[in-house]
Protein chains: 2
Amino acid sequence: MKAEELLLKHKLRKTGNRLAVLSLFAGHSKAFSHSEIQAKMGSNMDRVTLYRILDAFEKCGILHKIPDDEVSVKYALCDHDHSVEHHHSDDHAHFKCHECGDTICLEDYEIPSLKSPHGFRVDEKFLLLGGVCDQCQ
Amino acid sequence: MKAEELLLKHKLRKTGNRLAVLSLFAGHSKAFSHSEIQAKMGSNMDRVTLYRILDAFEKCGILHKIPDDEVSVKYALCDHDHSVEHHHSDDHAHFKCHECGDTICLEDYEIPSLKSPHGFRVDEKFLLLGGVCDQCQ
DNA sequence: TAGTTAAATGAAACAATGTTGCAAAAATTA
DNA sequence: TAATTTTTGCAACATTGTTTCATTTAACTA
């Protein structure tokens, strides 16, 4: 869909900043972090404005968020009783309750091994389930 | 495994700070963020010290990281051609290349619906694959 | 088209998070 | 106990995210 139509459809005003952000995404079929977009925009766009544009786009369904694997993480104890020396988060899922905010390991849920995309080598898998835990129901 | 043994095994010195962190994890079978641990420790432990303890524990396999779903995210364009109004990150996987750092949507890979743990309601699913993409091989 | 209205922006201030370097303190080793 | 190496705390700094408010701009209306 064209950038202008997208904005119109969601009752967002057509501004230079928004069109610039949309054209960045339209030009590459990949995900960008706030700082990556910021860098592409140079000093033309205020940092705060970009936060607001991303929020607005996400709220109305133009963009979606993807959690990153590096920062803002939680830590959980590795399970040393399972006779495995190092257990990474690779091989099991985690569940985060949106009521109490707790995150727990789901030891029993091995992540099904999807066949990887052509030419891609998959080294690790993070599966995070979000919802409401039994305590908070 | 007892805290002291764990430290000894990984050639980490037995200090009050490290024992305190280990006992926190031992007492609850869930994951904690840096700031959560910080709060539990009070002002006894320096912020930087905690960063270093978590790094050390993760490096030697005592703890593992779990990406969180709220902050430090990337944004990707929603796929409006698929006739679905809102496509969230819920229903498909993402792949992050550790060479070039790019993150892409894997539109074709629907996340298999695991049966949720007893009493848990699952509202959303994030599956992030990490590895090396075809370009970087 | 000009004036009005509501949204969007930029700037400043602030809070939270994460990193680095260095000197002091503490834990192991000899 | 003394020597050695690791760990710690502190200061300084960089990055990331939020809030408030005045100004500008886009869309609407007469």
Side-chain angles (χ1 to χ4, degrees), chain A residues 2-25 31-75 101 103, chain B residues 2-24 31-60 62-75 101 103:
Chain A
K2 274 189 64 180
E4 297 199 13
E5 295 174 57
L6 264 182
L7 293 177
L8 190 67
K9 177 176 163 188
H10 295 288
K11 297 198 176 75
L12 296 172
R13 295 189 174 177
K14 184 180 68 173
T15 69
N17 286 335
R18 288 178 175 159
L19 292 174
V21 172
L22 285 179
S23 79
L24 171 63
F25 279 99
F32 295 96
S33 64
H34 176 277
S35 63
E36 286 168 336
I37 303 170
Q38 176 84 353
K40 303 268 185 190
M41 298 298 156
S43 56
N44 309 320
M45 194 184 305
D46 189 79
R47 212 164 53 87
V48 180
T49 300
L50 181 53
Y51 277 115
R52 288 190 275 229
I53 289 176
L54 294 175
D55 283 351
F57 284 1
E58 199 237 337
K59 191 166 289 178
C60 71
I62 294 177
L63 298 177
H64 66 274
K65 285 182 182 175
I66 307 167
D68 198 61
D69 61 339
E70 306 233 327
V71 273
S72 288
V73 295
K74 289 194 170 190
Y75 291 89
T103 302
Chain B
K2 274 189 65 181
E4 297 198 13
E5 294 175 56
L6 265 181
L7 295 177
L8 190 68
K9 177 176 161 188
H10 295 289
K11 298 199 175 72
L12 296 171
R13 295 188 174 179
K14 184 181 68 175
T15 68
N17 285 335
R18 287 177 176 160
L19 292 174
V21 172
L22 284 179
S23 81
L24 171 63
F32 295 96
S33 65
H34 176 278
S35 64
E36 287 168 335
I37 303 171
Q38 176 84 352
K40 302 268 183 187
M41 296 298 155
S43 55
N44 310 319
M45 194 184 307
D46 189 80
R47 215 162 52 87
V48 180
T49 299
L50 180 54
Y51 278 115
R52 290 190 273 229
I53 289 177
L54 294 175
D55 283 350
F57 283 180
E58 198 235 340
K59 190 166 290 178
C60 71
I62 294 177
L63 298 176
H64 66 274
K65 286 182 180 174
I66 307 165
D68 199 60
D69 61 338
E70 305 233 328
V71 272
S72 290
V73 295
K74 288 194 171 190
Y75 291 88
T103 302

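Letters A, B, ... mirror the listed sequences (proteins, then strands); counts begin at 1.
Taking every side-chain heavy atom of B:R13 into account, D:dT5 is the closest of D:dT8, D:dT5, C:dA8. Set against D:dT19, C:dA7, D:dG9, the side chain of A:V48 has D:dT19 as its closest nucleotide. Of the candidate nucleotides D:dG17, D:dA12, C:dT28, D:dG17 has the atom lying nearest to any side-chain atom of A:R47.
Atom CD of B:E4 is separated from atom P of C:dA27 by 12 Å (rounded to the nearest Å). Following rounding to the nearest Å, A:E58 (CD) and D:dG17 (P) show an atom-to-atom distance of 13 Å. Following rounding to the nearest Å, A:I37 (CD1) and D:dG17 (C1') show an atom-to-atom distance of 14 Å. In this entry the distance linking CD of A:Q38 with C1' of D:dA14 reads 15 Å, nearest Å. Note: CG (A:D46) to P (D:dC21) measures 17 Å, nearest angstrom. The distance from atom CG of B:L8 to atom C1' of C:dT29 is 14 Å, rounded to the nearest whole Å. Distance CD1 (B:I53) to P (D:dG9): 8 Å, rounded to an integer number of Å. Distance B:E36 CD to C:dG18 P: 12 Å, rounded to the nearest Å.
Here A:R18 lies in heavy-atom contact (under 4.0 Å) with sugar-phosphate atoms only. Base contact: B:T49 has a heavy atom under 4.0 Å from a base atom. Within 4.0 Å (heavy atoms only), B:D55 reaches no atom of the nucleic acid at all.
Residue B:N17 has no polar side-chain atom (N or O) positioned under 4.0 Å from OP1 or OP2 of D:dT7. Listed pair B:T15 / D:dT8 meets the phosphate criterion, a side-chain N or O lying under 4.0 Å from OP1 or OP2.
No hydrogens or angles were tested; on distance alone, nothing pairs the side chain of A:R52 with the base of D:dG17 as donor and acceptor under 3.5 Å.
In this structure the side chain of A:K65 reaches within 4.5 angstrom of the side chain of A:E58, judged on heavy atoms. Residues A:L12 and A:I53 form no side-chain contact, since every pair of their non-hydrogen atoms from C-beta on lies 4.5 Å or further apart. Taking 4.5 Å as the limit, some side-chain heavy atom of B:M41 sits within range of a side-chain heavy atom of B:I37.
If B:M45 and A:L12 are placed on DNA chain D by their nearest nucleotide, the residue sitting closer to the 5' end is B:M45. When each of B:K11 and A:Y51 is assigned the nucleotide of DNA chain D bearing its nearest heavy atom, the one mapping closer to the 5' terminus is B:K11.
With sequence neighbours excluded, no residue forms a side-chain contact (heavy atoms from CB on, under 4.5 Å) with A:L8.
Classified by interplanar angle (parallel below 30°, tilted 30° to 60°, perpendicular above 60°), the ring pair A:F32/A:F25 is perpendicular.
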